Amino acid sequence: MAAAPMLDITALILSDRDDDNVRHAIAAIAPHVARTIAIGPAFGADVRALAKGCGAVLSLHPHPGPERQLRAVLAGLDDGWILCLQSDEYLPADTIARLHRLLAAAQDYTGQNFTGGLHFARSIRASGRALRWGGTKNAVCLRLWRAALPVRLDTDSNGAIAVTLAPASDAAPRIHAAGRLICESRETLTQWTARMNRRATTQVLAWMEDPGAARREATFRRAPAQWVTRYVGRLGLVDGRRGLVWHFLCNFWMPLLTQVKLFEARAAMRGGSPAHWIAETEARHDFIAAPANERAG
């Protein structure tokens with residue numbers, strides 16, 4: 001049987017020194033799309049070798065924040081379809097097969113033409129098994145859209161990228177379902193917590209650039225509220241030990257860490273300028289680097 005043709009898609013993989021995830025993300029999507037670009041502050045030798053083998057581009061961006069990474073690359077893309085994935089996300093085989101059908105016919109499965117984007121039902125896997133409760137299953141997220149369409153970029157409560165289409169006319173572009181999207185980290189707990197620590201610092205840096213946002217976010221209520229809502233109210237506890245660990249780390253520890261870092265930042269810069277504190281923090285966390293692209297020959 002002949003191999004399916006490549007999808008005319010530019011796949012963007014957002015990363016933050018998590019090479020285990022990046023390797024899997026590139027290997028999973030590169031054979032199916034015309035262009036693959038991995039974006040991050042640094043890449044190891046094994047990722048470089050893999051990129052060289054499949055013709056992927058490694059785009060070095062000094063700031064690990066997914067919103068800034070994505071903005072930097074989107075500025076140079078103005079044609080075709082864009083698929084945005086975080087390094088711990090991948091499309092299963094049935095979703096890729098559906099994308100072939102959808103984009104070939106330029107229709108959704110109801111037969112209506114679509115002009116906007118495609119959303120996916122995002123599910124989370126922990127320790128090799130899918131979580132089913134606490135808002136972890138089939139959360140809808142936009143990940144594929146036409147490059148010519150303006151988008152709004154934001155991050156969710158865990159620092160993951162959130163994309164919405166910004167209407168370019170009086171009628172909003174339609175968005176249709178494309179299938180499943182799996183989120184599964186391949187890092188050790190030590191690696192994952194180090195990445196989340198950098199992500200929390202990144203979020204605080206963004207807040208400190210906007211004094212209004214810094215004041216609004218200066219509260220310790222979010223972490224316990226998010227934990228109770230997801231783990232108790234939405235029955236995350238039904239997933240057993242995996243649910244306990246995942247919800248505690250992602251819906252309590254991570255938002256609490258971010259809030260503590262924000263209070264630390266506001267105390268450290270009392271009487272000083274936000275710009276000076278931001279510059280010092282970026283340098284201390286090695287967020288400064290020379291942007292560059294690497295294409296394996």
Side-chain angles (χ1 to χ4, degrees), residues 2-15 21-40 43 47 50-59 61 66-67 69-109 112-123 140-153 160-166 168 173-184 293-296:
M6 282 192 172
L7 294 162
D8 187 19
I9 288 174
T10 299
L12 306 179
I13 301 170
L14 308 177
S15 69
N21 288 333
V22 176
R23 283 198 308 273
H24 180 267
I26 293 176
I29 197 63
H32 305 287
V33 299
R35 296 161 296 278
T36 303
I37 304 174
I39 313 160
F43 298 101
V47 173
L50 176 63
K52 182 175 182 179
C54 62
V57 174
L58 301 181
S59 179
H61 191 274
E67 182 182 350
Q69 288 180 349
L70 190 52
R71 287 189 190 281
V73 176
L74 287 180
L77 301 175
D78 57 8
D79 190 29
W81 289 93
I82 294 175
L83 173 66
C84 177
L85 299 172
Q86 298 206 146
S87 54
D88 55 0
E89 296 175 339
Y90 66 93
L91 302 180
D94 60 327
T95 299
I96 291 175
R98 176 175 285 180
L99 282 180
H100 277 284
R101 296 194 299 271
L102 293 181
L103 298 189
Q107 295 177 333
D108 70 357
Y109 47 78
Q112 298 174 328
N113 291 330
F114 65 82
T115 58
L118 295 173
H119 70 240
F120 298 85
R122 184 176 186 263
S123 295
V140 174
C141 60
L142 177 68
R143 285 290 187 268
L144 183 72
W145 66 92
R146 291 191 184 275
L149 293 175
V151 293
R152 297 189 185 100
L153 304 179
I161 191 68
V163 184
T164 55
L165 289 179
R174 290 189 298 274
I175 303 176
H176 298 279
R180 296 185 301 145
L181 172 70
I182 308 299
C183 177
E184 181 177 17
N293 289 338
E294 299 181 1
R295 183 185 299 274

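Computed over heavy atoms, backbone and side chain alike; hydrogens, waters and symmetry mates excluded. Keep in mind that this is a model prediction, so the values were computed, not measured.
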Shortest non-hydrogen separation from Ile39 to His61 and the atoms involved = CG2-CB, 4.0 Å
Between CG on residue Leu102 and OG1 on residue Thr95, distance to nearest 0.5 Å | 10.0 Å
Can you name the ring pair (Phe, Tyr, Trp, His ring centres under 6.0 Å) partners of His24, sequence neighbours left out?
-> Tyr90
Taking every non-hydrogen atom, the tightest pair across Gln69 and Leu14 = OE1-CB, 3.5 Å
Measuring from Leu12:CG to Ile29:CD1, what's the distance to the nearest 0.5 Å?
-> 11.0 Å
Salt bridge (Lys or Arg N to Asp or Glu O under 4.0 Å) partners for Asp94, two or more places apart | Arg180
What one should report as the nearest heavy-atom pair of Leu7 and Leu103 is CD2-CD1, 4.2 Å
Calculate, to the nearest 0.5 Å, the distance between atoms CG and CZ belonging to Leu83 and Phe120 respectively.
-> 5.5 Å
Salt bridge (charged side-chain N to carboxylate O under 4.0 Å, His left out) pairs touching residues 76-88, sequence neighbours excluded, are Asp88-Arg195
Which residues share a side chain to side chain donor-acceptor pair (under 3.5 Å) with Arg122, sequence neighbours left out = Glu89
dist Leu77:CG -> Thr10:OG1 (nearest 0.5 Å) comes out at 5.5 Å
By ring pair (Phe, Tyr, Trp, His ring centres under 6.0 Å) - contacts of Phe43 (at least two apart) | none
Which residues satisfy the salt bridge (Lys or Arg N to Asp or Glu O under 4.0 Å) test with Arg35, sequence neighbours excluded?
-> Asp8
List for me each residue that meets side chain to side chain donor-acceptor pair (under 3.5 Å) alongside Thr36, sequence neighbours excluded, and say none if there are none.
-> none
Can you tell me how far CG of Leu153 sits from SG of Cys84, rounded to the nearest 0.5 angstrom?
-> 8.0 Å
Looking at CG of Leu181 and SG of Cys141, how far apart are the two atoms once the value is rounded to the nearest 0.5 Å?
-> 5.0 Å
List the atom of Ser87, the atom of Ile13, and the distance in Å for their closest heavy-atom pair.
-> CA-CG2, 3.9 Å
In terms of heavy-atom contacts, Leu50 and Ala27 come closest through CD2-N, 4.2 Å
Nearest heavy-atom approach of Val151 to Leu74 is CG2-CD1, 4.1 Å
Could you tell me which residues satisfy side chain to side chain contact (heavy atoms under 4.5 Å, CB included) with Ile96, sequence neighbours excluded, listed by chain and number?
-> His32, Leu91, His100
